[in-house]
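Notes to accompany the following structure.
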Amino acid sequence: MNAMLKDAANRLDPPLAARGLGHGYEGATVLRGIDLDVAAGSVLGLIGRNGAGKSTLLRALLGLLEPTTGEARVFGKAALAMDDGIRQRIAYVPQQPEALAWLTVAQMFDYLGRFYPRWNHAFARDTLARWQLPANKLLGKLSPGERQRVELVRALASEPQLLVLDEPAAALDPVARRELLREIALRACEAGITVVFSTHIVSDLERVASDIAFLHLGRLLLHCPVDDTKERYARLWLPARLGPHAPASTLGRRSHADGSVSVVIERDAHGRWPDEAAQPGVRLDVLGLEDLFVEIAE
Ligand SMILES: Nc1ncnc2c1ncn2[C@@H]1O[C@H](COP(=O)(O)OP(=O)(O)OP(=O)(O)O)[C@@H](O)[C@H]1O
């Protein structure tokens, strides 16, 4: 989508937005005050450790669960009060799709196709064939990977403007993962759709996402363009004598058995590292996305 169209779309109705979104289960807080704006035409990769709250966040953003605090909005409307017009613009694939297990793949597509005015029968048929998925098999008898791919075809066939995928690659083999990533990139690039997907696979995220959101201990620690993370973060090792002078870090600080300290630092607005990085005996390792993830989340 060109920049002017994206700007106009965002001003009108950003595909997804959250303000102060919080949620918990059985007294345990999982999301804390999440503020998030997902720009039209962006591909946002949501990353975080097991149990970080990614699925919960995606469900809260889509109004599939009621947050304990805050609000989510989808195309400018309250997520908990979406009408059919908005629902038809969204496709969501949960982590473990289970619905309609007694139908065959073709029957499910036939059934769901009636609810979507833009349902693309030719795409559904051709992609099932291209991805070698059995149209006449019961959904309940598909392998987890086959089931996940069928759900992806289902989601794409509805020609959504917003596609939300909860760990879409979890059960996929490397070939299927490539096919999925290609499809996401194609849709985002050619049709300008907005995609949000959660993942643990950093390389997938780097390959296809325009933006990254990093969820840790219920908070969004980072939300920025993927390109902005390149060469921007580093691990700073300070020997024991300098440990007390380690720069403050919201991204991670560790004390080691020998008294040394490591902190995750970032460049300032002028691209400079904190002054402490220049002290003798201090080591600086620039972090790629995967190392940054491990460093923050460990
Ligand atoms: N229905 C529920 N009832 C109680 N606790 C829940 C429920 N759903 C999720 N949780 C808990 O909330 C936390 C966040 O779960 P969630 O599924 O959102 O994490 P996630 O980041 O998607 O994890 P994963 O990467 O393993 O899929 C976990 O500790 C989980 O045990």
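One-based numbering, in listed order, for ligands and for the atoms of each. Values in this document were obtained by computation on a predicted structure and should not be read as measured data.
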**Message:** Assess, by modelled atom type and distance only, whether the side chains of Thr104 and Asn136 contain a donor and an acceptor separated by less than 3.5 Å.
**Reply:** no
Task: Distance-only polar pair, side chains of Glu167 and Ser198, donor-acceptor under 3.5 Å - done: no
Practice prompt. Any chance you could lay out the side-chain contact (heavy atoms from CB on, under 4.5 Å) test for Val164 and Leu162, step after step, and finish with the verdict?
Written response: CA-CA 7 Å; Val164 179; Leu162 169 63; 4.0 Å; yes
Lining ligand 1 at under 4.0 Å, by non-hydrogen atom distance, are residues Tyr25, Glu26, Val30, Arg49, Asn50, Gly51, Ala52, Gly53, Lys54, Ser55, Thr56, Gln95, Glu167, His200
Looking only at heavy atoms, the pair that brings Ala213 and Leu220 closest together is CB-CD2, 3.9 Å
| message | Please determine whether a side-chain nitrogen of the Lys or Arg among Arg130 and Asp126 lies less than 4.0 Å from a carboxylate oxygen of the Asp or Glu. | response | no
Glu151 meets the side chain to side chain donor-acceptor pair (under 3.5 Å) criterion, sequence neighbours left out, with Arg147, Arg154
